[in-house]
Number of protein chains: 2
Amino acid sequence: MSKQTTVPEPLEATERPTILDVAAACGVSPATVSNVLANKPYVKEQTRLLVQQKVAELGYRVSRAAQSLRTGRSGSVGLIIGDISNPYVAEIVRGVEEVLWAKRNNLILCNTEFYADRKMAYAGSLLDQHVEGLILVSQTFSEDEARLLGLADVPVVTVNRPCEVLRADQVGVDGAGGIRAAVQYLAQLGHQRIAFVKGAASSPSANDRYAAYRKAVRAHGLVSDAALVVQGDYTMESGSIAARELWTREAAPTAIVAANDLMAIGALGALKEMSIDVPRDVSVIGFDDIFLSNHPLVRLTTVHYSKRDIGLNAARLLMRRIEGERSDGPRTVTLDTSLIVRGTTAPPHALKGVKPLRALKVQKTHDADASAKTQAQSTRAASIARSSRRTSQS
Amino acid sequence: MSKQTTVPEPLEATERPTILDVAAACGVSPATVSNVLANKPYVKEQTRLLVQQKVAELGYRVSRAAQSLRTGRSGSVGLIIGDISNPYVAEIVRGVEEVLWAKRNNLILCNTEFYADRKMAYAGSLLDQHVEGLILVSQTFSEDEARLLGLADVPVVTVNRPCEVLRADQVGVDGAGGIRAAVQYLAQLGHQRIAFVKGAASSPSANDRYAAYRKAVRAHGLVSDAALVVQGDYTMESGSIAARELWTREAAPTAIVAANDLMAIGALGALKEMSIDVPRDVSVIGFDDIFLSNHPLVRLTTVHYSKRDIGLNAARLLMRRIEGERSDGPRTVTLDTSLIVRGTTAPPHALKGVKPLRALKVQKTHDADASAKTQAQSTRAASIARSSRRTSQS
DNA sequence: TTGTAAGCGTTATCAT
DNA sequence: ATGATAACGCTTACAA
């Protein structure tokens, strides 16, 4: 607990040496220094050593600006996202960062708050910087936007949303499959009245999931009733409102499927406040398996997939394009999902006797197929990932 | 649901025009184009218009690399963090991004996973890029590291951790005050045996908070017992283990203060699994007020402060340095905390009759003092923030 | 108000 | 195996 009393001397701020300074110090040409730095094989060992020593001695650092200007490559990738503080997104960012780091590329983070003008401004700035590629999370470019930016020659990968204009590669999650599994599981438990809380109206993924719900309800011969469907917007708040709304209507559901965990958890909160017991009175299933859902206090049954893998795949797809891969069309990676059964699901009240089927895993995870494996480039990141996915090519 | 059948034409990929192309197209010199782009006041209106039109027409974009090389300024800031997927950190990042966006600076995100070598590699790369400044979250540079990098002339701001070597500005939260308030509140409720779950051993903030706990226990004449203290590491898991550990010991506590919410919530989970009722059998208080803590299923009493404000302040401090502000010493911004009483605290079992004091807010938020207000630069960001803080100057 | 020209620090080409 | 030189695209004195 003793306090440091001597103020440490601030480090000296000195002029930054250039490659010419290093060359001069070594008595060689700048080209040679450059060759050493670039690990060119034909440099004499002795020269290499000398240069390396002087580099360290002088504290020389390349100027990326000059390097970039000369080579036309920036070594940076832009990541445009709507809301970085969404924990779901943070995981994706982490995955992206992981593979960029492996390739020593920089990640320029652009948080748009979902404003189109901010998205455009950022995209423009990224283009100014000659970013090697762009990853868009839950966002796209319209044709006009793409034209305005003139971003025809920069590879783009989108997450959770297509971008036909740019023929961008795309990674997403099999939302329909996940919802299907959720409904199927509830049907097997004996539920007939299964409600659905829709995601944000503007989101394609929300539509996919809703369509899958409808289809599954029909397939299993369950109650199909407009009063069982309520519009949410992917926020916890909206899930809470949705649950209250449902108990306002004629006949309450015996189960709720929400288009994401946040809404499911919001619903859980509202149900608790209404003293409706989960899973005794009603079962709840979410989608995403966010961190929170696994907590002992929550234990939400949900559709799981790896957020990190989404980031990993998006970045890998992008790196492949950056590294010059050509293909006839955009690639699409769709991550599989699996249903994780936790504590918020049980047979409906009336059927108390039926056994709960706890062990069931509807859509099981399987390994990447051979083609995906062959195509994967980033070995470091690949060895860390345990991504399960299907790769298709249009 | 009809599928789009016509594949849209991919946009044409064209050579990127330079400022010379624009100049030629306009019949003016490149200098003039540059002047227009830089909004120099003395350009003839007609010329300005012409140039702007041609710029749009050709889809010209400046080359940041060239610009950077020429001016020596990159317009980017590096953010070095340990774990982006930590929701607590994501909020900070959002705050930082907010003010950088306002100043049209880029944010280069570096996720170190808390590896020193990764931190160093990233810092080096950032320096290569001539970043205008660095923000370190929960990390520092040792003297050796700073020397090795030669980062004497780049402004650095640290979050949650000092960096004496570089005389870096610093922003943090008043951990001691928060813990003091928590213990005081519990004492007022009548608790005598208050346990403490420590944060990561290597973290200075963990030490601060523990010291504050000890001091407060003494000040209020509460039970001071080594058996009431258990080491955690800021993870939820460790909080869960800590709770179990506590109920392994001779006499259980009637309250637990954890050095962060994650551990408090982990403890909540373990307590639930042990069928120990909160707050009837034991009260729990956390620190951070993360998103999760406010959920109806959790309702954790906790020490609150604005994560976003931390980011906002860090970025503002940095921008001030970048804009050339000199001062005798490093600045420190310490955010105040407030105790948020929710559902996990109550008088100890024995004292059931005592009224719960729900309304008490121990450390109330007060407005920024005059000096802080005057010093604040970023008006846009400032208007958004409702940060309460103290600014000191050493 | 506009044009000329130098130079920022690299790397790539071509000689040697 | 190394060196000389040009060029990358821009900004900024300074000249006109």
Side-chain angles (χ1 to χ4, degrees), chain A residues 14-52 54-55 58-76 124-125 127-132 150 153, chain B residues 14-52 54-55 58-76 124-125 127-132 150 153:
Chain A
T14 72
E15 269 307 291
R16 199 163 144 159
T18 75
I19 203 170
L20 273 73
D21 298 321
V22 178
C26 297
V28 301
S29 78
T32 299
V33 176
S34 176
N35 286 333
V36 170
L37 265 26
N39 267 311
K40 290 280 157 56
Y42 44 71
V43 184
K44 205 207 298 172
E45 195 53 24
Q46 190 187 337
T47 321
R48 179 186 306 280
L49 259 31
L50 175 63
V51 170
Q52 282 166 342
K54 290 292 177 195
V55 161
L58 299 176
Y60 166 78
R61 309 215 65 105
V62 286
S63 157
R64 285 274 265 203
Q67 209 172 36
S68 234
L69 177 59
R70 180 61 235 241
T71 63
R73 320 188 353 81
S74 67
S76 322
S125 164
L127 257 24
D128 291 349
Q129 291 175 69
H130 273 278
V131 284
E132 321 243 347
D153 42 2
Chain B
T14 73
E15 267 309 289
R16 200 163 143 158
T18 75
I19 203 170
L20 273 74
D21 297 322
V22 178
C26 297
V28 301
S29 79
T32 299
V33 177
S34 176
N35 286 332
V36 171
L37 265 25
N39 267 311
K40 289 281 156 57
Y42 45 72
V43 185
K44 205 207 298 173
E45 195 52 23
Q46 191 188 339
T47 321
R48 180 187 306 281
L49 258 32
L50 175 63
V51 169
Q52 282 167 342
K54 290 293 178 193
V55 161
L58 299 176
Y60 167 78
R61 309 216 64 106
V62 285
S63 159
R64 285 273 266 205
Q67 208 172 37
S68 228
L69 178 58
R70 179 59 233 243
T71 64
R73 322 187 352 80
S74 66
S76 321
S125 165
L127 257 23
D128 291 349
Q129 291 176 68
H130 273 278
V131 284
E132 320 242 349
D153 41 2

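Just so it is clear, the model here is predicted, and its values are computed rather than measured. In what follows, every heavy atom counts, from backbone to side chain, and hydrogens, waters and symmetry copies are set aside.
Considering A:Val51, A:Leu37, A:Asp21 as possible partners of A:Tyr60, the one that fulfils the side chain to side chain contact (heavy atoms under 4.5 Å, CB included) test is A:Leu37.
Among the nucleotides C:dG3, C:dT1, D:dG3, the one closest to any side-chain atom of B:Ser29 is C:dG3.
Side-chain atoms of B:Arg16 do not come within 3.5 Å of backbone N or O of B:Gly59 as any donor-acceptor pair.
Rounded to whole angstrom, the span from the CG atom of B:Asn39 across to the P atom of D:dT11 amounts to 12 Å. Taking atom CD of residue A:Gln46 and atom C1' of nucleotide D:dT2, one finds them 13 Å apart after rounding to whole Å. What separates CZ of A:Arg48 from P of D:dA1 is a distance of 10 Å, to the nearest Å. The interatomic distance linking B:Glu45 (CD) with C:dT2 (P) rounds to 10 Å, in whole Å. Distance, A:Leu50 CG to D:dT2 P: 10 Å, rounded to whole Å.
If you check every strand for non-hydrogen atoms under 4.0 Å, B:Ser68 touches nothing.
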- [ ] Go along nucleotides 7-16 of chain C 5' to 3' and tag each nucleotide: B for a protein heavy atom under 4.0 Å from its base, S when only backbone or sugar atoms are that close, - otherwise.
- [x] BBBBBB----
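In summary, A:Asp128 and B:Arg61 engage in a salt bridge, as defined by a charged side-chain N under 4.0 Å from a carboxylate O.
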Task: Verdict with supporting geometry, B:Arg73 and B:Glu132, side-chain contact (heavy atoms from CB on, under 4.5 Å) - done: CA-CA 7 Å; B:Arg73 322 187 352 80; B:Glu132 320 242 349; 2.7 Å; yes
TODO: Show your reasoning for whether side-chain contact (heavy atoms from CB on, under 4.5 Å) applies to A:Val33 and A:Val28.
DONE: CA-CA 7 Å; A:Val33 176; A:Val28 301; 3.9 Å; yes
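To the nearest 0.5 Å, atom CZ of residue A:Arg48 and atom SG of residue A:Cys26 are 13.0 Å apart.
Between the axis at the start and the axis at the end of the helix from C:dT1-D:dA16 to C:dT16-D:dA1 there is an angle of 30°, using five pairs per end and rounding to 10 degrees.
Among residues at least two apart or in separate chains, side-chain hydrogen bond (donor to acceptor under 3.5 Å, both in side chains) pairs with a member in residues 25-42 of chain B are B:Ser29-B:Thr32.
Of all non-hydrogen atoms in B:Ser74 and B:Ser68, the two that sit nearest each other are CA-OG, 3.3 Å.
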